[in-house]
Amino acid sequence: MTAFLEGEILSPVGNKEMLEAAVRSGADAVYLGAKDFSARKNAENFSLEELNDAIKYCHIRGVKVYLALNTLIKDNEMSNAFNLAKKAYHLGIDGIIIQDLGLARILHEKIPNLKLHASTQMSIHSPSALDILKELGFVQVVVAREMSKQELECFCKRAKELDIKVEVFVHGALCMCMSGQCLLSAFIGSRSGNRGLCAGPCRLPFKVPGGTGYDLSLKDLSLLDYIRELYNIGVRSFKIEGRMKRPEYVAAATAACKQALYEGVVETQLSDTLKSVFSRSGFTDGYYKNNLGKDMFGIRTKEDVLSSDTAFPYLHSLYRSERNSVEITAEMTIHSGEPIKLTLNDGVNTATVTGEIPQTALSKSVTQEDILKNLNKFGSTPYKLVSWNVDLDNGLFVRASDINQLRRDACEMLDNLRSNIELPPCSENYMPEQIETVKSNNHKLYVRFANAEQIPDDLTGVDGIIFPLEENPDVLQNKDIPLIVDIPRGIISEDVILKKLELFKSKGFDTALCGNLSAVKLAENSGFKIMSDMGINIANSESLKTARNLKIESAIISPEERIRDITHLSPYINKGIIIYGNIPLMLFKNCPVKNGMDCKSCKKEQYITDRMQTKFPIKCRLGYSELLNSLPIWMFDRKAEYRELDFSVIYFTNESKERVVEILSAYKKQSEPDTKHTRGMYYRGSI
């Protein structure tokens, strides 16, 4: 191995066998889920007792354990989520992976010694979000998989200034949508990715013009060739996806990443096996190399599945035996008339045990070589003897079984010392603040237009216009109405966003609709009042309180929530919902249309069609694109159920100006739907 590097190979664990596979293959850290609040609820996951055993097992072997508590939390779940994190803290967990803004704030306030990691579900993909993460107490961040090398270089530089550790996915499956921004599974089947139950609809047939018919399915990610480069950029945690995969995959990916980091190259057999057994038509590095398009798409073929059978015996050999990776020293004294004493030391902990008084030899005396032969039998343990000293008197007889027993006793003592970590106690409990829900007597209507052509002459009853940052603000200069600039959820360049915000500010816009944490910080620094969009994923009262602390004045609540739950959220800031529109269900950096044509050939309006011949519109926004729901939400005839909220939003996308006028008229009349529509998740909710 090369000189010590301050990086960690972070491996996925869904059950005990995967845990052993990860640790024995060289993982420096593992991440796993408990039975609740994990973004992979369909993995086997761990009970508290099993979690305790897993932490001890890993700590004995010098491996860190991170608990993925990375789903959105509902109000009635917050106490249980807090208590789970608190119990994990007392068990010695090394970090908690969090998505929910409310839970993050509570844990930082009440258990300040608990290390918080920002989940990839938080959609962090540009540097300005780091300032907010620092404020919330995060020490490590899992960045979005869509980031390029150039973006990571800039990001890591800022993270180093703030002393935040950067974690990057380097191997495993790729979601088509940026993590944390996908509503497709929820809206199609009520199974929410933000709640840990994504049904994976993107792997089903979806077709764009000229595409393959699986145009939401990407190849698996592999950055094995760039792990050392990533380290030099500033990445310190190299994460492998796969908590629902087989132990053989975990072993292979872990061993390969370990070799890539420390040796700079992966053994050919391991690399070839990993590619042939665990890929979708091969691997992709498209995001990292900023080489988007058709080459990134792929599916798991029958050949991919069949090739795995012959490889599993080799892969199983990677984790069949204990990995002797914990370096120790040994001191043994064998003196006449005194009990034999053995001391093992791992550099921090010292374990000393004593045995029987040695007998006088009747024939051959025991030698140092005899002692060392039995002392150095650490093969079934995680320990590796690197130096030793045996202080032995002449003329003594010692049984081999006595040396073996002392070694076992010392190892057991060292195990206990390594697995029992002293932590500052935490006696804090969580009790939700009792705040009476305030019924708004001044419900406002905000209307989001996609372009200038949609804006009608008569805006009576509209309390504010939301207008995209990529459009020309001059068209609204003569409108005597509050103006809100809509910042895209996907940020290609913060400099571009800042320049456009300066322009919109000069044109009379005073509020910014922000769909990610970087946008919040950029808008604040540009002097805007802030409204959080649904991309921030606010789903509970504590997240509203966190938003208030971040100077957010109003929030569009996650459309995955039931309307009755939304109305009961605590009024820390103004809250509202989308009541009409084909809302975005997915956010892409690699647009699915690119699997059929290049951008130059693309028409202004594009669709992707599922196996039921349902068409979903696709819209581009400053380097990213969005998949819109096939049907608009329609809630005009249900106003009695949301009028006590502070505001509602009509979200126009592809509508003509004539249709916009019809919709606004229908809102005023509280009309029943005049077209095929959906009520979204407002009544069924997501699981």
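The shown structure was predicted, so the numbers you read here are calculated from the model rather than taken from an experiment.
Side chains of Arg191 and Ser185: a donor-acceptor N/O pair is absent below 3.5 angstrom, by distance only. Donor-acceptor pairing under 3.5 Å is lacking for the side chains of Arg489 and Ser123. In this structure, a donor-acceptor pair under 3.5 Å is absent between the side chains of Lys444 and Asn574. The closest side-chain donor-acceptor pair between Glu560 and Asn194 falls under 3.5 angstrom. Of the N and O atoms on the side chains of Ser126 and Ser518, at least one donor lies less than 3.5 Å from an acceptor on the other residue. In this structure, a donor-acceptor pair under 3.5 Å is present between the side chains of Asp598 and Ser601. The closest side-chain donor-acceptor pair between Glu641 and Tyr683 falls under 3.5 angstrom. Looking at Asn540 and Asp75, their side chains never bring a donor and an acceptor atom within 3.5 Å of each other.
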Is there a salt bridge (charged side-chain N to carboxylate O under 4.0 Å, His left out) between Lys589 and Glu151? Walk through the geometry before answering.
CA-CA 13 Å; Lys589 189 176 185 182; Glu151 290 168 332; 3.0 Å; yes
Please lay out, stage by stage, how Tyr287 and Leu218 fare under the test side chain to side chain contact (heavy atoms under 4.5 Å, CB included).
CA-CA 11 Å; Tyr287 285 136; Leu218 296 178; 3.7 Å; yes
Yes or no on side chain to side chain contact (heavy atoms under 4.5 Å, CB included) for Asn516 and Gln181, after CA distance, side-chain angles and deciding distance?
CA-CA 10 Å; Asn516 61 68; Gln181 300 303 310; 5.9 Å; no
Please test Asp486 against Arg448 for salt bridge (charged side-chain N to carboxylate O under 4.0 Å, His left out), starting from the C-alpha separation and ending with a verdict.
CA-CA 8 Å; Asp486 174 10; Arg448 189 264 191 187; 3.2 Å; yes
Check against salt bridge (charged side-chain N to carboxylate O under 4.0 Å, His left out), Asp131 and Lys521:
CA-CA 8 Å; Asp131 295 86; Lys521 196 64 182 177; 5.5 Å; no
Could you walk me through whether Lys657 and Glu453 pass the side chain to side chain contact (heavy atoms under 4.5 Å, CB included) check?
CA-CA 6 Å; Lys657 184 174 183 178; Glu453 289 73 25; 6.0 Å; no
Using ring-ring contact (aromatic ring centres under 6.0 Å, His included), reason through Phe449 and Phe652 one step at a time and then give a plain yes or no.
CA-CA 5 Å; Phe449 297 105; Phe652 290 122; 5.7 Å; yes
Worked verdict on Ile98 versus Phe138 for side chain to side chain contact (heavy atoms under 4.5 Å, CB included)
CA-CA 9 Å; Ile98 300 287; Phe138 286 96; 4.1 Å; yes
Please evaluate residues Glu161 and Lys157 with respect to the criterion salt bridge (charged side-chain N to carboxylate O under 4.0 Å, His left out), reporting the C-alpha separation (whole Å), side-chain torsions for both, the decisive distance (0.1 Å), and the verdict.
CA-CA 7 Å; Glu161 293 170 353; Lys157 181 179 179 181; 5.4 Å; no
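For the pair Lys615 and Tyr607, the cation sits on the ring face: its NZ or CZ lies under 6.0 Å from the ring centre, inside 45° of the axis. Cation-pi contact between Arg195 and Phe37: absent, since separation from the ring centre below 6.0 Å together with deviation from the ring axis within 45° is not met. A cation-pi arrangement is absent between Arg548 and Tyr572 under the rule of less than 6.0 angstrom and at most 45 degrees off the ring axis.
For CD of Glu502, the number of neighbouring non-hydrogen atoms (other residues, nucleotides, ligands) closer than 6.0 Å is 12 at most. More than 12 heavy atoms of other residues, nucleotides or ligands shown are found within 6.0 angstrom of NZ on Lys668. More than 12 non-hydrogen atoms from other residues, nucleotides or ligands lie less than 6.0 angstrom from CD of Gln150. Taking a 6.0 Å sphere around CG of Asp474, one finds it holds more than 12 heavy atoms contributed by other residues, nucleotides or ligands.
Rounding to the nearest 0.5 angstrom, the gap separating the CG atom in Leu174 from the CD atom in Glu146 is 8.0 Å. Expressed to the nearest 0.5 Å, how far CG of Leu183 lies from CE of Met586 amounts to 9.5 Å.
Remark: side-chain polar atoms of Ser526 are not paired, donor with acceptor, to backbone N or O of Phe528 under 3.5 angstrom. A donor-acceptor distance shorter than 3.5 angstrom exists from the side chain of Asn582 to the backbone of Asn629, with no hydrogens or angles considered. Side chain of Ser217 to main chain of Tyr214: no donor-acceptor pair is present (N/O by atom type, distance under 3.5 Å, no hydrogens or angles). Under the 3.5 Å distance criterion, the side-chain polar atoms of His125 are matched with a main-chain donor or acceptor of Ile491. A donor-acceptor contact shorter than 3.5 Å links the side chain of Lys207 to the backbone of Gly211. A distance-only check finds a donor-acceptor pair linking the side chain of Ser493 to the backbone of Val496 [under 3.5 Å]. No donor-acceptor pair under 3.5 Å is formed between the side chain of Glu561 and the backbone N or O of Ser558. Between the side chain of Ser543 and the backbone N or O of Gly102, at least one donor-acceptor pair lies under 3.5 Å. Using modelled atom types, no side-chain atom of Asp495 and backbone atom of Leu498 make a donor-acceptor pair closer than 3.5 Å. Formation of a donor-acceptor pair under 3.5 Å by the Asp610 side chain with backbone atoms of Phe206 is not found in this model.
The aromatic rings of Tyr642 and His443 sit tilted relative to each other, their planes meeting at an angle between 30° and 60°. Using cut-offs of 30° and 60° for the angle between ring planes, the Phe636 and Tyr667 rings count as perpendicular. Between Trp634 and Tyr580, the angle of the ring planes goes over 60°, which puts this pair in the perpendicular group of the 30/60° scheme.
Nearest approach of Ala523 to Ile487, heavy atoms of both residues: CB-CD1, 4.3 Å. Residues Lys594 and Cys599 come closest through the heavy atom pair CE-SG, 3.5 Å. The minimum heavy-atom distance linking Ile536 with Leu101 is given by the pair CG2-CD1, 3.7 Å. Nearest heavy-atom pair, Val143 versus Thr120, reported as atom, atom and distance to 0.1 Å: O-OG1, 3.8 Å. Contact between Ile538 and Ala555 at its shortest, heavy atoms only, is CD1-CB, 3.9 Å. The minimum heavy-atom distance linking Val462 with Ile465 is given by the pair CG1-CG1, 4.5 Å.
Inter-residue side-chain proximity for Val649 and Ile579 is flagged as unmet; no heavy-atom pair is nearer than 4.5 Å. Counting heavy atoms from C-beta on, the side chains of Ser192 and Leu197 never come closer than 4.5 Å. Within the 4.5 Å cutoff, side-chain heavy atoms of Phe467 are placed close to those of Val475. A heavy-atom distance below 4.5 Å is found between the side chains of Leu103 and Leu69. Considering only heavy atoms from C-beta on, Ser648 comes within 4.5 Å of Leu445 through its side chain. Residues Ile497 and Leu469 are in side-chain contact: their nearest non-hydrogen atoms beyond the backbone lie under 4.5 Å apart. Leu517 has its side chain out of reach of Leu130: every pair of non-hydrogen atoms, C-beta onward, lies at least 4.5 Å apart.
A salt bridge does not link Lys74 to Asp100: none of the charged nitrogens lies less than 4.0 Å from a carboxylate oxygen. Taking a cutoff of 4.0 Å between a charged side-chain nitrogen and a carboxylate oxygen, Asp637 and Arg679 qualify as a salt bridge. A salt bridge is absent between Lys500 and Glu470: the closest approach of a Lys/Arg side-chain nitrogen to an acidic carboxylate oxygen does not fall below 4.0 angstrom.
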